[in-house]
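Notes follow once the structure below has been shown.
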Amino acid sequence: THPPLQLPADPDLSLVPHIFSRLPLHHHSQPHSSPCLLDAATAASLSRADLRRLVSSLAHGLRRTHRIRAGAVVLLILPNSIVFPVPFLAVLAAGGIATTMNPSSSRAEIADRLRETCPSLVLASRDNAAKLPPSAAPVVLVPETFPSADDEFAPFRALLDSDVTATDEFPSAEVGQDSAAAVLYSSGTSGRSKGVVLTHRNLIAMVELFVRFEALQYATPACDNVYLAALPMFHVYGLSLFAVGLLSLGSTVVVMSRFDVGEAVRAIHRYKVTHLPLVPPIMAALLRAKSAGALSLDSLVQVSSGAAPLSGRLIQDFFQAFPHVDLIQGYGMTESTAVGTRGFNTSKHKKYSSVGLLAPNTHAKIIDLETGFCLPPGSCGDLWLHGPAIMKGYLNDEDTCTRNDGWLRTGDLAYFDSDGYLYIVGRLKDTIKYKGFQIAPADLEAVLVQHPDIVDVAVTSAEDEEAGEIPVAFVVRKPGSTLTCEQLMEYVAKQVSPYKKVRKVIFVEAIPKSAAGKVLRRLLKEFVHLDGAA
Ligand code: 4UW
C-alpha cells in the first residue's frame, strides 16, 4: 500500500477554498488564464480565473437571493457542460449541500427526490425544470455555456451579478470539514436507493488521496494533462474527477454533453486528450470504433476504467488496439467518495485485471462470509473499507448494517494478492450495474407492485454483453390477467430514467422466499442464467 499523506488539519477548512488554494501552485508552468474546462463541441472554455470568479460570485448570489446557508440543500438536475462545476462548487462555497441527479430522471423520480431532500432551491436545465411539480422549491434555469443572453437565464445571470472584490473572496460560510457538503444517491447494499451524505472532509480527502496521488504516477506535470469528460458529472466517478479533483490539479477537462463514440474520437484528436476515464461499455464502444476505422489516437497516455468489472477479453483487445497507452482500473463507491483503489503499473507490476492498490490513508479488511473473521491475502471475502473519504452516513437512515465503527461494508466480493493489489470477484449486494450505473432492485419493485395486475414481484440482474448487467423482473400476475411482458416493460419505462428500464420479464407462479419471507435472489439469478443459456 501507499505511504500515508498529511491531510489538512484545520477544522474550519472547506472544500472550495481548499481547491483554489491549490491552483496557484501551477502558476509557474501554466498561466492562470489557460482553459480548465473546455466544451468538446464548441470549444467554449473557462479559465481557472473565470472559474474562481464565477464560483465566488454565484456563492454570494445564492446566499443573498436564496438564503443558502449551512444545512440548506440545493438540488442540481444538470447535464454535463463546462458550467456544471460552477453551481456545484458555488453551493458548497455558500455553505449549502448539493444533491445531484441524473438529468434523464423521470417526473416521479424527481418528485421522490424533492420529498426526500427538501431542497431550498433547484438549479435545473430547461428540460428538467419542465418535469418539476408546480409546488416545488424555487427553480433557477442554468445555461450550458457562458455567456448566455437568453431571457430565461436572466435570474441565473442576476445571481452571478455580485459585488465580488478583486480578490474573488468566497463568502465566509460557517462550515468546516465536518459539515455536510453533498448528498449523492446510491443503492447501498440492499433496499431502496438512498442519499449518501459526504462531508467537506470526505471531498478534501478524495482530492488529496486519490486525484493528486494518481498524478504522481507520470513524469509530466498534472497541469499538462488533458482529460476527456465522457462520464456524467452527477455520478460520483465523474463528479469527483471533473467537477472537483482535476480542477485542483490544474488539468484541462474537455467536456462532452453526452457520450457519443464518434464525437469522443474527434475530441481526443482535436484537443490532444491525454487521459480518458471510462466505464467498460464505453471502452467496448471505443474499441469497436477503432477496429472499424484507422483512428490514430496518438495523444492518449492513459485510459482508466471503473464502476464495473472489466473483462480479460476487453483488456486484451485494448492492448491490441492501443499498445502505446497505459491502462489502469480504479475501484470506488459513492459511499467512499469514489476513493478505494487505483491501478498502479510499475516496471515490476503490470496487473491489469486488478483494480490496483489502496489509496493512501485508506485501510481494508477482507471478511469471511461465514465466520466474520479477517482473511489473509489470497482469500476471498466481503471487502470493508476505512478512511477519511468514507461517508458520514445515509440521509435520514443511519444504516448500521453498512457501517461498523467507521468501517464501510462494501458488499463486494474481493481478495488482495501478496503485493497488495485488489481483485474484485463478484458482488454480494443486490445492486444492478447497467453500463456502470447503479439500479436498486427495490426501486423497480416499488414501481412494479403499483400495477393493478401484479400480485408479487422481485427484480434481479442478468448478464448482458453490452451493458454488463440488465434488470430482469420476476412477476406473479393476478389470476386471469392477460398482461404481457411488453406492456409491463412499457409501464415501467414511462416512470423511470431510461437506464433503469426493466429489460426482461419472466412470469412465474410464485416468488421464491426464505422462511422469514426474504426473496431468494440468488435462486432467481441462477434461474435467469439458465433461462439465458436455454
Ligand atoms: N470493478 C468492478 C471496478 C469497480 C466495480 C466499482 O455507483 P457506485 O457507488 O460508484 C462507482 C464508482 C466508481 C469509480 C471507479 C474508479 C474510480 O477511480 C472512481 O473515482 C474516480 C470511481 O461506481 O458503485 C459502486 C460499486 O460499483 C462496483 C462495485 O460493486 C462497487 O461497490 N465497482 N468499481 N473497477 N466493480
Side-chain angles (χ1 to χ4, degrees), residues 100 102 184-190 193-196 198 202-203 205-207 209-215 217 227 229-246 249 253 275-283 302-312 314-315 327-344 351-359 362 364 382-385 389-391 394 402 408-415 421-440 461 468-469 499:
T100 60
N102 188 329
L184 306 183
Y185 270 67
S186 157
S187 38
T189 51
S190 65
S193 54
K194 32 197 156 284
V196 169
L198 301 176
N202 293 151
L203 288 158
M206 181 274 294
V207 169
L209 301 180
F210 223 37
V211 181
R212 301 187 72 80
F213 198 82
E214 192 204 320
Q217 271 202 56
Y227 282 75
L231 303 173
M233 297 191 208
F234 73 85
H235 179 256
V236 74
Y237 189 175
L239 186 79
S240 63
L241 289 175
F242 310 133
V244 182
L246 295 171
L249 291 179
V253 177
H275 286 58
L276 187 54
L278 297 175
V279 292
I282 294 190
M283 184 187 299
Q302 185 211 61
V303 167
S304 49
S305 171
L310 186 64
S311 67
L314 270 183
I315 296 173
L327 172 67
I328 64 160
Q329 289 197 61
Y331 163 86
M333 291 173 75
T334 308
E335 286 85 340
S336 66
T337 327
V339 175
T341 60
R342 215 63 191 145
F344 200 78
K351 308 196 187 204
Y352 300 113
S353 60
S354 159
V355 295
L357 298 173
L358 276 175
T362 305
D382 191 0
L383 171 69
W384 290 26
L385 289 175
I390 303 298
M391 67 171 174
Y394 289 115
T402 315
L408 171 73
R409 219 186 85 196
T410 68
D412 288 312
L413 192 61
Y415 71 93
Y421 284 75
L422 182 70
Y423 295 78
I424 305 291
V425 175
R427 214 178 308 120
L428 301 161
K429 54 193 170 188
D430 298 341
T431 322
I432 302 166
K433 274 268 176 163
Y434 178 84
K435 297 191 175 177
F437 290 119
Q438 277 191 19
I439 303 170
S461 62
E469 291 174 352
Y499 77 93

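One-based numbering, in listed order, for ligands and for the atoms of each. The residues of the chain are indexed from 1 along the displayed sequence.
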Counting non-hydrogen protein atoms only, what is the nearest one to atom 34 (N) of ligand 1? Give residue, atom name and distance. Ala307 N, 3.0 Å
Ligand-side contact atoms (ligand 1) for residue partner Gln329, heavy atom cut-off under 4.0 Å: 35 (N)
Pairs of nitrogen or oxygen atoms closer than 3.5 Å, one from Met333 and one from ligand 1: do any exist? no
Tyr331 and Asp412: side-chain donor and acceptor closer than 3.5 Å? yes
Could you label the plane-to-plane angle of the Phe437 and Phe234 rings as parallel, tilted or perpendicular, counting under 30° as parallel and over 60° as perpendicular? parallel
Which atoms of ligand 1 have any heavy atom of Asp412 under 4.0 Å away? 29 (C), 30 (O), 31 (C), 32 (O)
Would you check if the side chain of Thr341 reaches a backbone N or O of Val355 as a donor-acceptor pair within less than 3.5 Å? yes
Does the ring center of Tyr434 lie less than 6.0 Å from the ring center of Tyr499? no
One residue to check: Ser304. Relative to ligand 1, which of side chain, backbone, both or neither has a non-hydrogen atom less than 4.0 Å away? neither
Under 4.0 Å between heavy atoms, the region of Thr431 that gets near ligand 1 turns out to be neither
Indicate yes or no: does an N/O atom of Ser186 lie under 3.5 Å from an N/O atom of ligand 1? no
Taking only heavy atoms of Ala338 into account, list the atoms of ligand 1 that are under 4.0 Å away from them. 19 (C), 20 (O), 22 (C)
Do any N/O atoms on Lys429 end up under 3.5 angstrom from N/O atoms on ligand 1? yes
Please step through salt bridge (charged side-chain N to carboxylate O under 4.0 Å, His left out) for the pair Glu469 and Arg427, ending with a clear verdict. CA-CA 12 Å; Glu469 291 174 352; Arg427 214 178 308 120; 3.3 Å; yes
Please confirm whether the backbone N or O of Gly356 pairs with a side-chain atom of Lys351, one donor and one acceptor, at under 3.5 Å? no
Please check if the side chain of Thr337 supplies one atom and the backbone of Ala389 the other of a donor-acceptor pair under 3.5 Å. yes
For atom 8 (P) of ligand 1, grab the closest protein heavy atom and report residue, atom and distance to one decimal in Å. Gln438 NE2, 3.2 Å
Whether the side chain of Asn202 engages the backbone of Ile390 through a donor-acceptor N/O pair (distance < 3.5 Å, no angle test) should be reported. yes
Got an N/O contact under 3.5 Å between Val236 and ligand 1? no
Do any nitrogen or oxygen atoms of Arg342 come within less than 3.5 Å of a nitrogen or oxygen of ligand 1? yes
Shortest heavy-atom approach to atom 7 (O) of ligand 1 - which of Met206, His235, Glu335: His235
From Leu231 atom CG to Ile282 atom CD1, the distance as rounded to the nearest 0.5 Å: 5.0 Å
Nearest protein heavy atom with distance in Å, relative to atom 12 (C) of ligand 1: Gly332 O, 3.3 Å
Under the side chain to side chain donor-acceptor pair (under 3.5 Å) rule, what do Ser304 and Gln329 come out as? Steps first, then yes or no, please. CA-CA 5 Å; Ser304 49; Gln329 289 197 61; over 6 Å; no
Ligand 1 to Thr334, heavy atom cutoff 4.0 Å, flagged ligand atoms 7 (O), 8 (P), 9 (O), 10 (O)
Parallel, tilted or perpendicular: ring planes of Tyr423 versus Tyr415, cut at 30 and 60 degrees: parallel
Between Ser240 and Val236 (side chain of the first, backbone of the second, donor and acceptor by atom type, cut-off under 3.5 Å), is there such a pair? yes
Please could you name the atoms of ligand 1 that Pro309 approaches to less than 4.0 Å, counting only its heavy atoms? 1 (N), 2 (C), 36 (N)
Sub-4.0 Å atoms of ligand 1 with respect to non-hydrogen atoms of Lys433: 7 (O), 8 (P), 11 (C), 23 (O), 24 (O), 25 (C), 26 (C), 27 (O)
Side chains of Gln438 and Thr431: is there a donor and an acceptor less than 3.5 Å apart? no
Ser240 heavy atoms, cut-off 4.0 Å: which ligand 1 atoms fall inside? 20 (O), 21 (C)
Looking at atom 19 (C) of ligand 1, what's its closest protein heavy atom, distance included? Tyr237 CD2, 3.6 Å
shortest atom 35 (N) of ligand 1-to-protein heavy-atom contact is with Gly330 O, 2.7 Å
Within the 4.0 Å heavy-atom cut-off, what Arg427 brings close to ligand 1 is side chain
